[in-house]
Structures are given as C-alpha cells and as structure tokens.
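Structure first, commentary second.
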Amino acid sequence: MKRSVSLILAAGLLLFVFMLTSLLMMSNSLQDSSHFSRFYLLLLVFNVAGLFALVILIALNLRRLIRQLRKRVPGSRMTIRMVVMFCILSVTPVLIVYYFSLDFLIRGIDNWFDLRVEQALDDSLELSRLSLDTRMRELLKKTRQIANEFSDISDVSLPFEIDDLRVRNGAKELTLMTRSGSIIASSADDPTHLVPDRPSDTILLQLQQGNNYTGLDTIRDSGLHIRVVVNVPEFGIEKDTKIIQALYPISERINELAESVQNSYVKYKELSYLREQLKISFVIILTLVLLFSIFSAVWAAFYSARRLAEPVRNLARGTLDVARGNYDTQLPVPGNDELGFLVASFNDMTRKIAQAQFEAETQRSYLEAVLSRLSSGVLVLDHDNRLRTSNTSAEKILGIPLSAFSNHPVSDIAGRYPAFEQFINGIKNHLTPMHRDWREQVTITNQGHRTILMCSGTTLLETHHMEQGRIIVLDDITALVQGQKTAAWSEMARRLAHEIKNPLTPIQLATERLRHKYLGGMQANDTDTFDRLTNTIIQQVETMKDMVNSFSDFSSTPEINLQLTDINAVLREVADLYSNLNRNAEIVTRFSTDIPPVLVDRSRLRQVFNNLLKNAFDACEKRRLFRLDISTGMVTLGDNQFVEIRIKDSGSGITQDIMEKMFDPYATTKTKGTGLGLAIVKKIVEEHKGSVTLNNNEGEPGACAIIRIPARTEVALAETGEKVRESL
Amino acid sequence: MHACKKDEMTRSTLVSLLLSIMILLPAVCSAQSSAIQVESLSSVISQGVINVSTKITYELSDETRNALDQGVALEFDVIFRVRKKRQWLWDIVVTEKMLSYRVEHQPLSGHYLITELTNGKRHQFRTLGSALQYIGKIDAFPLIDTDMLNQQNRYTVQARAELNIQSLPAPLRPLAYLSAHWHLASAWQNLDIRP
C-alpha cells in the first residue's frame, strides 16, 4: 500500500516535470521557430495527454474519496474539506492571473501590429517599387535605343558591335535573340559566363505579342537585376524578327535596401497574417499552463489532504480498535509535529492499557489457578442470585458441573440437582443483603453420600456489575467430623478397654481359684449350682475380654505394613473360609485378571474382608438360601486408578434409619457383636487411602459393599523404602 | 437506476464519437477532395538508372494562396517510391526519394520564387501558375539503379505530392492539421515496372 502510494507520487512528480518542460519548450517554439519548432505539435499532444492523465488521477482520487465518504471512513470528511479549501486557495489566484495574462497577451499581440507601422512598411515598399520603376522606365528607353541601333547593324558586324553597345549603355549582359528564344549574339561583363540568361517562355510570349518586358529579377543568385526585353524594329520582310534582352545591375546599396525592405515587409505580413493563429496558440499554451497548474494543484491538494488526514484517520481507526478491545494497536507516528505528538501519546496510552490488561489477565489467571487449587469450594453469586463464578473444588464437593451453569439463577440449578437444593436451602437465610458475614454448617446427600459442608459467606463490595453480590466458601468437613467422631470413639474404647480389662483378669483368676478350692468339697446339690455360676462368670469374663480386645483393636493404630499383595488371592483365601461355613450359602466369585499387585497391609486387608463377609453372612442368617457375589476389578476415578472389590449379598439389606451412621461404632442391628466391625473396616480402608460404601441393592434384596483401594505399585514402594517385592 | 446509468454511458459514448468525427472529418474530407493530382508518371531506363518523369498539377486553396500572398512560405514535397511486389506478403519499399520545393511570394517584384531544397537552386516566376507549373513538371529524375532490382521480381514506382504542414510556422500548424483547406496532398500514382 505504502509502496503503491510512493509509486503514484513519483509518477505524478515525473509527469509534472515532463509537462512543465514540454510547456516551456512549446512556449519557446512559438517565440523562436528555430527551437523545438518541429516538435510543436508533438508537445501539444503530449501536454493534452498529460492533462488527461492528471484528470484521470484526480477522478480516481475523487472516486476514492466519495467511496470513503459513503462508507463513513474516519477522516474522509476532513479530507474533502481540506481538498475543497486547497482547491479554492490555489485555483482562485491562478484564475485571476490567467484572466489578466490572457488580456495582456491579446493586447500585447495586437499592439505589435500598429497601423502606422504597417502603412510605413507599405509605403517603403511602394517607394522602392516606384524608385525601381523610374529606373526601369529609363532603362527601357535606353534599351529601345539600343534596339534601334541594332536595326541598323548588319548581321556580320553584330558580334563586334554588341559588346560596344553593352559597355556604352552600362548593361551587365546584352543578348540578341529571335522571338522564339534562339540566341543570335550575346555580350556579358563576366567573360566566364558563356551562356546568357534566357528569358522565360512567358516573357517570350509577351514579346511575340508585340509588347516589351521590363522586370525586376534575381539573376543567378547575384541579387536583383532589371531585365528589359524589347523587339528590334524590322525593316524588311526577309529579316527574322529579333528581340534584345538587356540585364542591368542594380547598385549594391539599392539591392541591400530593397532586400531589407522586402524581408521586413514579408516578415511583418507573415506575422500579421499569423496574428490570430499566434493568439490562439498563446491562448492554448496559457490555457494548458492554467489547466496544468489547476490540475496539479488539485491533485496535490488531494495528496496533501490525504497525507494530513491520514494520522487523524489512523487515530480514529485506532480508537475503534481500542474500543473493540484490541489494545495492541500501534499507529505509525507521522512526524515531530503536534499530530505526531498526539499519535505518540495514543501509542503510549494503548501500550499502557495493554500492559494493564496483561497484568489484570495475569492476576485473573493467578486467582483462577489459586481458586482451582483451593480445597475449599468457592461460589460467587450476583445480586440476582445468579451464579457468576465457581471453582472446581465447589464442583467436586457438590458433585455438580457448576461451570455449565454460569450466569444461571441458583433456583434453576437447585431445580435440577437436589443436592444443590439442599445446599441452597441450608444457606438461604443468609442470601439477603442484611447478612454481610455469616457461617453455617449444611448437610447434603448426593447419590446416597452424606456430605457435611461448612459454608461461610460475605457480601461483596459494590464493584462493576456485582452490586450486592455474594461470595460463598464451602468446605467438605465430612471426613473431619467423621475423624473427630472416630477419634472420640477410639479414646472412649481405649479407656473402656483399659478400665474393664484390668479387673477382668483378677475376676477370672479369683473365679478359677474358687472353683479349684471349693468345687471338690461341696455337696452334690451345691456343686452344680457353683459350677454353673462360676462357669458363667468365666465365660462372661472371656466375652468381656473379647469385647475389650475389640475395643483395643479399634482404638489402636498399629503401624501399617505395606506389601505388594495380590488382592484376588487374599479375597479368595477369606472366601474359602466362609464357603464351608453355611451350606445354604452360594458364594460366587468373579475376579479380574487385570489387577496388578498393590501395596496393602495384607493382614489388615484380610480383616476387612473377614468383617464384611461376616456381616454378609449375619445379614443372611435368617434366610434359608442366600447368594454372595464377590467380584474385583479396576476403576479409574479422575487421574487415579483403584482396585474395586464388591461384596454383594442377598440378605435383609440396610434399614434407612442407620444408613447414615452405618460405619459409626456401635451402629448395629444385630443382637450380638460389638458394633465395631464396619467401623474397623472403614478405619482400615481409610488407612489405605481408600473408600468404602455400603448400599442396598437396586431392585433386589440385600446390600453391596464397595471397597476402592488405590492401585499403588512401584512408586509407592519407592516412597516407603521397603523391599516389598522381595517379600512376594 | 442501472438502466439510467447505462443510458448516460451510451449518451456520453455517442458524444465522444461525434466529437472524434468532428475532429477527424476535415482530414477525411481532404483525403477525398485532393487539390494536388499526379497527372502522369512514366519511367525510362537510361544507362542502368531508372529515371522517372511526372506531371503534377497543383491547385491551391484560397487559404493557402492567401497565406502565400501574406508572406508565408509553402513547401511541397514530391515523394517517389519503388515497391517490390510480393505475392503472399505485403509489399516492401525498396527505395524512397523526395524532392522538396519552397514557394515564396516576393512583394517587391510581385514574382514568385521557387527554391529547390534538394540543391538550393532558385527560380523566379511572374505568376503563381507558372511557378506551380514549374514544380509540377519533373523530367527524368534518377530514382534507382537497375542493379538494385531483381529482374525476376515485379516493382511498382509510386509518386505523390503534398503540402508539408510541418514546415509551416508553428502557430499555423494546429489549424493546418485540423483544417481540410490545408491538407493538400495527391493520391499515390502507381506505375508497374520490370527492370
């Protein structure tokens, strides 16, 4: 684009120079025909063509400007105003100069041709003519006398007499000839000139008609001569009619003067004749100069206006770009003037805006990264309770793809997701402008999982589009609450075990001693009673010892001994133990072969399976026939892989009242047992960073326990530093 | 709207065409009514040279005659060409020669002066008719050696006479180019020859 503009400018300047030169040459050719006269017409055509080229250039510029005006291109109105102004400023003085120049030119040319000068020239020519006529009359008279003398001279003596007659009468050449032009005798002052100058056929014809001839002729490039041709008087019919021609020279001075008068007269006459043409030619040149000046000025006006308006156009375009959000706009600085300063300031401004935007973007990215990495869920609602922002943790905690509901009212989301409805219902009292800072614990159930949330919120300051908006931070404290509960139970179990275990051994020992000391000496009827009572004491003490051991197991946190273990093998081992326990039980195993050896504490995992199978058998003991499905497989949750173990029974299932506290200690529906089985299962699984869930079967009786244990292998092995592989 | 534009364009094209015709018409007319005619053209081979003779009649228009009487010198060019005829291609010019004459009026004597521009010879005539008669009669002008021509080919000698507008004074030239009265030129007179 810039290159084409430069090319057009160069072409325009070249055209300007050529046209100016040709106009000068044309003007010169008119004033002095020796210069460029031959090219006059060519120059004229070239100039007209150049003017056409300029007109085309202007037309193109005008068309472009009109298009820009129609498209409302910024700066086009300013350009057209400047063009009009430039044109008026340049064309007006040129037109005035043209008018007066034309007037002066025409008057000047007319003034060349003064009537008095013309008359003087006519007079001088007439004077010359009269003077020469007088001389010619004299010479005619003299020549007639010579002719008379010739009539007396015999043909024999003619050659001798003619020379004498010529010298005597002052003629340059004297020739006697017949009327038909045949030369009889001739004499000339120049002996080298052998052939006499012959009169023309017209003169001879005139002589044949009996007339004489007198005329002013140019003879052999030696200036003007007076030629006189007369008939020689005849005296006898036998003689041929002769004529005599005499050439008389005119003096050098008269010759020069006559030549000068004639040349001046001819020149003046020619100029006078060409006066109108000359005027037209000068008018043409002046008009060409005028048109050339005007067109050049108009074209220059277009160019200058465009150049001047370009920074403004750029600024307008740049402003639009900035308004559209393109802050990288940088405009070319036109120069060191005020416009240049303005454009430079604009560039500086956009640079700063771009920098500020980049910083804001960086800050936003940083905040987003922080939010996404936060374990706490963050929700931002606007004053209409529309969801504006949420982080991934909020999605995970609530189990809802919140990012898909940006700018949706929370009521819409609550309508689709019951968990979100529970959440909103839990905090709705705080979603009023009155509550600035608040804190609330909310429990939701999502797909059967009970989640305890700790929510806190505040009202945002009145920023743009966020008047009376709220920010809600929610934390999943289910594990924390569960942990606290478990810790409390563990502490209670530990103390209970400690307090109960200590007196149990003395009771047992004392009872055994009583039996040993008194059982043999008692009477028969007392022996049965004593034996039964002491046995009861000992059995109950044993039962209490088992219970205390269970408490102790629950409260103790033994060091976990991770080993690469084939889970299928452990599960098969436990299942085999139970397969013969009840003949009514049908145990179906479906173990996946894709499960790699994973890092687990083999004995504790066995305890988990044992507790779960025992629970399943207990749940099914009232049924005559029951089925137990045990399966394993690999599942991928997020980026992690888990070994999933499913133990599904066809028992009585879990009642709704204990569903939520299934894994709590002493939460049991059984008449016997400590109620710690599932609590211990949960504890061990969580020690392995896994999860356990227990749900009723869909559409059939019974429940299904699902255990997921991370499929940790070599990496975890390196972390523990144990050479587990060797133990396999 | 488009139809209107089309009409305007057609109108402007017609105007341009008319203007062009008006400008070019004089030249066309002049070509049709020639004031100079080559009456005869003949050739003679003498001493291995083809000599041509021609008779040309010049009839000046009032404008040119007036200009001559007002001191403007007129130049006439007589152009001779020898063209080789070709059967399938266009003819080619073997040689071209030109005789130029300047005619001036001498107000002092009232005579007309003819200057042969090729050799500088000057001749004076009492009347314009005799002067034009003089330049209209060309005898035995040596045109080309027969050695330069191939006997197997056919040739055409052409003659033409015209007023040299380029020799007129510069201010008169634009008018002369545009006016039919100044376009004095004969048609080409052809003469087939065999060397």
Side-chain angles (χ1 to χ4, degrees), chain A residues 26 28-33 35-45 109 121-122 124-126 128-129 132 200-203 206 213 215-221 224 226-227 258-282 284-285, chain B residues 12 16 19-20 23 27 62-75 102-116 119-134 137 164-179 181-182:
Chain A
M26 268 185 79
N28 199 301
S29 72
L30 270 185
Q31 290 166 37
D32 183 359
S33 61
H35 292 126
F36 316 120
S37 174
R38 288 171 57 199
F39 308 112
Y40 177 79
L41 209 76
L42 193 70
L43 293 170
L44 188 67
V45 171
I109 291 174
L121 271 172
D122 283 344
S124 63
L125 189 72
E126 189 61 29
S128 304
R129 256 189 215 143
L132 289 169
S200 67
D201 292 343
T202 318
I203 296 172
Q206 190 177 335
Y213 170 82
L216 199 61
D217 289 353
T218 306
I219 306 298
R220 293 191 208 97
D221 300 331
L224 286 171
I226 294 173
R227 185 195 297 266
E259 195 78 26
S260 171
V261 167
Q262 181 167 266
N263 286 344
S264 300
Y265 182 82
V266 167
K267 193 71 189 166
Y268 186 85
K269 273 284 190 189
E270 187 190 36
L271 275 176
S272 179
Y273 173 74
L274 293 174
R275 176 164 53 178
E276 290 307 318
Q277 309 304 328
L278 209 58
K279 277 185 200 172
I280 290 170
S281 292
F282 274 118
I284 286 173
I285 290 180
Chain B
S12 63
S16 310
L19 279 173
S20 311
I23 291 167
D62 292 343
E63 283 76 11
T64 48
R65 190 187 292 271
N66 184 33
L68 186 66
D69 290 341
Q70 293 295 327
V72 177
L74 304 180
E75 278 187 26
R102 186 166 66 227
V103 183
E104 295 168 81
H105 180 240
Q106 293 187 311
L108 193 63
S109 61
H111 294 173
Y112 291 89
L113 184 68
I114 298 284
T115 308
E116 294 180 32
N119 53 23
K121 283 183 182 173
R122 303 169 86 183
H123 306 278
Q124 196 165 293
F125 299 91
R126 288 188 70 202
T127 61
L128 178 61
S130 54
L132 294 176
Q133 203 173 359
Y134 174 76
K137 191 176 178 190
N164 186 350
I165 292 176
Q166 196 61 23
S167 68
L168 294 171
L172 199 57
R173 261 179 257 160
L175 173 74
Y177 271 110
L178 296 174
S179 168
H181 302 296
W182 285 88

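Contact check for B:Pro169 versus A:Glu270: side-chain heavy atoms found under the 4.5 Å cut-off. Using a 4.5 Å heavy-atom threshold, the side chains of B:Asp69 and A:Tyr273 count as separate.
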task = Dump the intermediate steps for side chain to side chain donor-acceptor pair (under 3.5 Å) on B:Gln124 and A:Arg227, then the final yes or no.
result = CA-CA 12 Å; B:Gln124 196 165 293; A:Arg227 185 195 297 266; over 6 Å; no

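With a 4.5 angstrom heavy-atom cutoff, A:Leu132 touches chain B only via side-chain atoms. At a 4.5 Å heavy-atom cutoff, the contact between B:His105 and chain A is made by backbone atoms alone. The contact between B:Gln106 and chain A is made by backbone and side chain atoms together, counting heavy-atom distances below 4.5 Å.
Heavy-atom minimum distance, B:Ser109 versus A:Gln262: N-OE1, 4.1 Å. Across A:Ser281 and B:Pro171, no two heavy atoms sit closer than the pair OG-CA, 3.3 Å. In terms of heavy-atom proximity, A:Ala258 sits nearest to B:Leu108 at CB-CD2, 3.5 Å.
Here the straight-line distance linking atom CD of A:Gln277 with atom CG of B:Leu168 works out to 10.5 Å at 0.5 Å rounding. Here CG of A:Leu216 is found 7.5 Å from NE2 of B:His111. Values are rounded to the nearest 0.5 Å.
Annotation: maximal heavy-atom pairing with chain A below 4.5 Å, among B:Gly71, B:Ser167, B:Pro107, occurs at B:Pro107.
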